[in-house]
Structures are given as C-alpha cells and as structure tokens.
Amino acid sequence: TSRMPREMVFVVDTSGSMHGVSITQAKEALQRALTGLQPGDRFNVIEFNTHPTPLFAESMPASASNTGMAQNFVNRLRANGGTEMNAALQYALGTPPQHGYLRQIIFVTDGAVGNEEGLFKLIEARLGDARLFTVGIGSAPNSWFMRKSAELGRGTFVIISALHEVQEKMDTLLRKLEHPQVTNINLSWPGGNVV
C-alpha cells in the first residue's frame, strides 16, 4: 500500500508536575518517535509549561539535520513552571495544515490540568482533518482526560507508567501512526438517498 506523507506535531508537557522520572520517560518517548520519522514527512516539537515553545515556527521536513536539532532540543528539556495546555494546543492546531499530508498531533503529558472541558471544546472546534493521540506519562496520569481527548481527536491513547515500558508502548503507537487503518472512505447509498 502507498504511504501518505505525515505531518507529525509532538507536544510535550514540561511543567513542574513532570519533574523527575516523568520527564525522563517523556524525553525517551519523544526520541523514539523522532527516530520513526521517514524521509518525506514533516514535523515539529512544541514544549509547554507556562508558555508554549516550538522548536520551529512551522513544521519542517524530516531531514537528518532537522531531526538532529529536534533530538538536541528534547535532550535539553527540563520540567518546571505551570501547565498552560490551552496555549500549546492552540499553537499545534492553529498552524496551517500542510496540503497532502496526514496531520498527527502527539500529546505527551501527565494530564495534570484543571480546565478539561475548555480543552475538549478547543479540540472539537479546531481539530479539522488532524488526528490527536495522547501519551500519558507517569504513575498517576489523568487517564480520563487522555482517553476523552484522543476520542475527540479521532486518535488513540497510551499510558506509559514506567521507564521500561517506553520502548514497547511507543513502538506499538508508532506502528498505528504509520499505518492508518482506513483513509479516503466514500460511502454511497442506493437510489441517491441522502442520509
């Protein structure tokens, strides 16, 4: 089957609640995802705590030099500050989509947020043709928030609760991201009925 090029936007929580083993898990998860990028894909990495900080102003080609810059960016991530997820999601959803690319947003967080309903409304209003996947990090992630966000985002969610799970769980998620199950579905009803 022919593979559609992807635009992958990685959004990673670097707020204070991610301090310690959680940020280590998040960084390892991102490094695995970055190594899965293919030539022809585009990508960006956005870290957020009190403010979102994107690596690039917009998604860039997954060249060796760009992915190398991203790996260095991820290595330098530190956990501190507040959790302003709304601004980070707005940034990820607000950059104009790349024509001809399947946009996949991968959200890596412990989900320690207070305004879930506002975030759900934002996802519903701004998602467009993108898919949102959530990666829950740490021993006590907000799994209700993760599941509901991924449901609204037409994606899936995974929980990584220990460092030794990062490789297996990220590899499973990346396989799903690599092979969408169905795309470009057309449905025709007999007799020209409108349903």
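Of the options Arg42, Arg103, Gln104, a side chain to side chain donor-acceptor pair (under 3.5 Å) to Glu7 is made by Arg103 and by none of the others. Checking Leu119, Asn49, Leu122 one by one against Met85, the side-chain contact (heavy atoms from CB on, under 4.5 Å) holds for a single residue, Leu119.
Between Val45 and Ala70, the shortest heavy-atom contact is CG2-CB, 4.2 Å. Pairing each heavy atom of Ile105 with each of Ala92, the nearest pair is CD1-O, 4.2 Å. The two residues Ser15 and Ala79 make their nearest non-hydrogen contact at O-CB, 3.4 Å. When all heavy atoms of Val108 and Ala26 are compared, the closest pair comes out as CG1-CB, 3.8 Å. Closest non-hydrogen pair, Pro61 versus Asn66, comes out as O-ND2, 2.8 Å. Val74 and Lys27 get closest at one heavy-atom pair: O-CE, 3.2 Å.
Between Phe107 and Phe48, the distance from one ring center to the other falls under 6.0 angstrom.
Hydrophobic clustering, with ILVMFWY side chains joined whenever heavy atoms are under 4.5 angstrom apart, groups Ile106 together with Leu55. Under the 4.5 Å side-chain heavy-atom criterion for Ile, Leu, Val, Met, Phe, Trp and Tyr, Phe10 and Met146 are members of distinct hydrophobic clusters. Clustering ILVMFWY residues whenever any of their side-chain heavy atoms sit less than 4.5 angstrom apart, transitively, puts Ile46 in the very cluster that holds Leu93.
For Asp110 and Ser17, the side-chain atoms include at least one donor-acceptor pair closer than 3.5 Å. Gln31 and Asn75 share a side-chain donor-acceptor pair at under 3.5 Å.
A donor-acceptor contact shorter than 3.5 Å links the side chain of Thr35 to the backbone of Arg32. A donor-acceptor pair is defined here as one N or O able to donate and one able to accept, closer than 3.5 Å; no such pair exists between the side chain of Ser22 and the backbone of Ile137.
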Worked check of side chain to side chain contact (heavy atoms under 4.5 Å, CB included) between Tyr91 and Val11: CA-CA 10 Å; Tyr91 194 99; Val11 185; over 6 Å; no
Working for ring-ring contact (aromatic ring centres under 6.0 Å, His included), residues Phe43 and Phe56: CA-CA 9 Å; Phe43 80 103; Phe56 303 117; 5.8 Å; yes
Audit row: Glu178, Gln38, side chain to side chain contact (heavy atoms under 4.5 Å, CB included) steps and yes/no: CA-CA 10 Å; Glu178 179 76 24; Gln38 303 286 320; 4.2 Å; yes
Audit row: Phe133, Lys176, side chain to side chain contact (heavy atoms under 4.5 Å, CB included) steps and yes/no: CA-CA 10 Å; Phe133 299 82; Lys176 279 184 194 166; 5.6 Å; no
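Rounded to the nearest 0.5 Å, atoms CD (Gln167) and CD1 (Ile160) are 11.0 Å apart. Note that OG1 of Thr14 and CD of Glu47 are 4.0 Å apart. Values are rounded to the nearest 0.5 Å. To the nearest 0.5 angstrom, Thr134 atom OG1 is 7.0 Å from Ile159 atom CD1. Phe120 contributes atom CZ, which lies 9.5 Å from atom CG of Asn115 (distance to the nearest 0.5 angstrom). Considering CG of Leu177 and OG1 of Thr156, their distance stands at 6.5 Å, rounded to 0.5 Å. Annotation: the span from Lys148 atom NZ to Phe157 atom CZ amounts to 13.5 Å, rounded to 0.5 Å.
Within 6.0 Å of CG in Asn72 there are more than 12 heavy atoms belonging to other residues, nucleotides or ligands.
Inter-residue side-chain proximity for Leu132 and Leu127 is flagged as met; some heavy-atom pair is nearer than 4.5 Å.
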